[in-house]
Amino acid sequence: MRRMFRSLRGSLRVNRGGILVFELLYRIFSAVVLMEAAGRGVSFALKKSGFSYLTAGNALRFFASPFTILVLVGFLVLCLFFATLEICVLYTAFQAGVAREKMSSVQMLFFGMKNLVELFRTGNARVHLLNANFYLLTQGWIIIGLVRHIRPLSYIVTELSEFPVVKIIVWVLVAVMLGITLIYLFVPAVSTLRDVSFKDSCSQSREVLRRRWLSSVLVFGGANLIAWLIYDVSQLVLKVLAALLVVLFADKSAELALIMTVSGGVDVAALCIASVVSIYLNVGGLTFLLYRYQDKKYQWEIPPYHYYLSAGSRRVITAVVVFCLAVVGGIYAYDGIYTGVIKPSSMISEAKITSHRGNSFEAPENTLPAMEAAIESMSDYLEIDVQETKDDVVVVYHDASLKRITGVDGKLWDYTYGELLLMDFGGWFSGEYEGTRIPTLAEALETCKGRINMNIELKANHYSDTLVEQTLALIEEYDMEAQVVLSSTSYRYLKEVKEQNPDIMTGYILTAAYGNYFEDENIDFFSIRSSFVTEKLVRSAHDYGKEVHAWTVNTKGELNRMKRLQVDNIITDRPLLAREILYRENDTEDIVEFLKLALRIDK
């Protein structure tokens, strides 16, 4: 047995570097494609199903929609393709490893795709279902771990896990999948690496398994146990490293919020590492055992020329791969980061955090410094107020009167933009900000584009009839429709927004929740004073596919209450405190405190 494991280790090492390079690039490429597909698919399904947002309350009804089922089927087919291609590539690479033949990542991909196509030619297409079963069995716990970082799906998983019947069904499914995997353990490898029928593949698999079933089960079980241990170790190491960097380099006021923010990403990273280790050890171990224990009549050579690629072919394939990576990466960067069209993060983690009037706790409200402070505080959104000047310039300002901020008597709309530029909008906050100018909406959009989402409140001062029109024109000019939501206390304004641009998300600001607006197509979310937010209200809004944004939440007690009620967005003057409460993890806090004590740091 010791000799076998030593031989197995040597086989796994032959193409280790090439496999790791392939896995890194392939996982990034497939993740980007799947995230793009998921983002666009969810947007399409939501629109067709009549929902504005995917929330914890409407998730079950959303997934029961025929449009959602259609999108889900397409997405699962895409996932199956990526999983099967990955397995075919790895079988090919490990087959070369058994023969002690080196392969580049390009060669692995080319011959893996070739073997994938051969499965259809030889009538072995059903092997894809076995691959899917194998992938789900070995990667299922990792997939569930990732799903728990997607807020509505996490809610469903948590709710369903409370029912004993569901637990029984899950364990029965796992047992069935395990049985299928053990019965057909070597069939995918034989089908992928040899041009034989499915019947012959099953026969050869049974022969190998019959003779060496104990060592096969030990290798299979050991591979998955190691992957589980790697996950725990990776999570601990990454948390310690993240905490160490935060303790050493982050500002003290932001260190706990920062470590809570990255904690979820650390868990995702640990799951991804475990996923690569799991597929690497499982496929590598099965390939090794197949060659080691096959019956003599089933032995076959692995000819060196089988993996040969001319220099010209390698260059062409490399160029195609690089081009595909560049195109997909460019599309994702443009859509997801620059314009905000694809925002898979909108469903991830806890409630979103909105900095009230910029970060008005750190800088003068509704100014460019406050917006920069909101970005630095890791807020998901910043909220600003807009209205028009006497000469119809859209500026960022909250009050009707200028008295509180500038000390000047008069209404904002009684002054031109040029006259307002002569006033001080920051000195009231502190001497550091003396001379701060009033920003225009155009300046605010330029500052926030690609950096933070915006909640723009249209102030209903009844002075101007062109506020909605001008605001929408600026948003469209800066191509920020997907990065901006518009809110107002004026229902008329929201209706105008939907008439002019129905793709812009709109929010109705209410001091208290009176009346039934849940079915109103002009309203996508409700912005309500936190003291009036109740469990019944949140559940009702979610049932109709609407979000609940609570304002203005500044205390630990109220932040914890909003977290328990599962509101979708918390508008606060203290975004760092909100992040600490929403993302609180005791073990992460303990690590931070331990490192601070060990390093004797007093910042």
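Computed from a predicted structure; not experimentally measured.
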For residues Y397 and D385, is any side-chain donor paired with an opposing acceptor at under 3.5 Å? no

Taking atom CD of E535 as the centre, report whether more than 12 heavy atoms of other residues, nucleotides or ligands fall under 6.0 Å from it. no

Are any of the side-chain heavy atoms of R27 and S275 separated by less than 4.5 Å? yes

Between H549 and F525, what is the ring plane arrangement, given parallel below 30°, perpendicular above 60°, and tilted in between? parallel

Salt-bridge contact E372-R451 (side-chain N to carboxylate O under 4.0 Å): yes

Checking N569 against E547: is there a side-chain donor and acceptor pair closer than 3.5 Å? no

At what distance, to the nearest 0.5 angstrom, does CD1 of I384 lie from CG of L382? 6.5 Å

Using distance alone, with no hydrogens and no angle criterion, decide if Y493 and N522 have a side-chain donor and acceptor under 3.5 Å apart. no

Using atom types as modelled and distance alone, determine if a side-chain donor or acceptor of T466 lies under 3.5 Å from a backbone N or O of Q470. no

If we only count heavy atoms from C-beta on, is the V395 to L412 side-chain gap below 4.5 Å? yes

State, to 0.1 Å, how close H398 and K459 come at their nearest heavy-atom pair, and which atoms those are. O-CE, 3.3 Å

Does E434 use its side chain to pair, donor to acceptor, with the backbone of D424 at less than 3.5 Å? no

Quick one, L474 with T440, criterion side-chain contact (heavy atoms from CB on, under 4.5 Å). Give me CA distance, side-chain angles, the key distance, then yes/no. CA-CA 11 Å; L474 285 167; T440 63; over 6 Å; no

Is it true that E521 and K495 have a side-chain N and a carboxylate O under 4.0 angstrom from each other? no

Hey, is the main chain of I523 close enough, under 3.5 Å, to the side chain of K498 for a donor-acceptor pair? no

Flag, side chain of D391 to backbone of T416, donor-acceptor distance under 3.5 Å: no

Should the heavy atoms of other residues, nucleotides or ligands under 6.0 Å from CD of E446 be counted, would the total exceed 12? no

Side chain proximity check, N501 to E476, heavy atoms < 4.5 angstrom: yes

Which pair of non-hydrogen atoms, one from M371 and one from C448, has the smallest distance, and what is that distance? SD-SG, 4.4 Å

Could you check if a side-chain atom of F425 sits within less than 4.5 angstrom of a side-chain atom of L420, using non-hydrogen atoms only? yes

Polar side chain donor-acceptor pair, S401 to D399, under 3.5 angstrom: no

Can S377 and R579 be counted as having a side-chain donor-acceptor contact under 3.5 angstrom? no

Donor-acceptor under 3.5 Å (T471 side chain, L467 main chain): yes

Just do the side-chain contact (heavy atoms from CB on, under 4.5 Å) check on Q483 and Y478 with the steps written out, would you? CA-CA 10 Å; Q483 204 179 323; Y478 281 88; over 6 Å; no

Nearest 0.5 angstrom please: L576 CG to I353 CD1, how far? 8.5 Å

Using 0.5 Å steps for rounding, measure from the OG1 atom of T572 to the CG atom of L559. 5.5 Å

Heavy-atom closest pair, residues S487 and I509: OG-CD1, 3.8 Å

Does V386 form a side-chain contact (heavy atoms from CB on, under 4.5 Å) with E457? I'd like the steps, not just the answer. CA-CA 6 Å; V386 296; E457 180 182 342; over 6 Å; no

Just say parallel, tilted or perpendicular for the rings of Y544 and F518, cut-offs at 30° and 60°. parallel

Contact check, side chains of D392 and Y417, non-hydrogen atoms, under 4.5 Å: no

If the condition is ring-ring contact (aromatic ring centres under 6.0 Å, His included), which residues does F361 pass it with, not counting sequence neighbours? none

I571 side, atom CD1; M562 side, atom CE - distance, nearest 0.5 Å: 12.0 Å

Is any side-chain heavy atom of L565 less than 4.5 Å from a side-chain heavy atom of V533? yes

Which heavy atom of E419 sits nearest to which heavy atom of D414, and what is that distance? OE1-O, 4.3 Å

Name all residues meeting the side-chain contact (heavy atoms from CB on, under 4.5 Å) criterion together with D573; count only those two or more places apart in sequence or in a different chain, and write none if there are none. H356, S360, T552, N554

Do T354 and W551 come within less than 4.5 Å of each other through their side chains, counting heavy atoms only? no

Please report the C-alpha distance between V484 and N453 in whole Å, then the side-chain angles of each, then the deciding distance to 0.1 Å, and finally whether the side-chain contact (heavy atoms from CB on, under 4.5 Å) criterion is met. CA-CA 6 Å; V484 166; N453 296 313; over 6 Å; no

Look up atom CG in D520 and atom CG in L494, then write down how far apart they are to the nearest 0.5 Å. 8.5 Å

Quick one: do E499 and R492 make a salt bridge, cutoff under 4.0 Å? no

Looking only at side chains, do S530 and E558 share a donor and an acceptor under 3.5 Å apart? yes

Hey, do the aromatic rings of Y231 and W141 have their centres closer than 6.0 Å? yes

Measure the spacing between CG of L472 and CD of E496 and express it to the nearest 0.5 Å. 9.0 Å

Between S490 and S488, do the side chains contain a donor N or O and an acceptor N or O under 3.5 Å apart? no

For the residue pair E362 and Y433, what are the closest heavy atoms and their distance? O-OH, 3.4 Å

Scanning both residues in full, the closest heavy-atom pair of A45 with T68 reads CB-OG1, 3.8 Å

Going by the rule side chain to side chain donor-acceptor pair (under 3.5 Å), which residues pair with T447 if we only count those two or more places apart in sequence or in a different chain? none

I405 side chain near E365 side chain, heavy-atom distance below 4.5 Å: yes

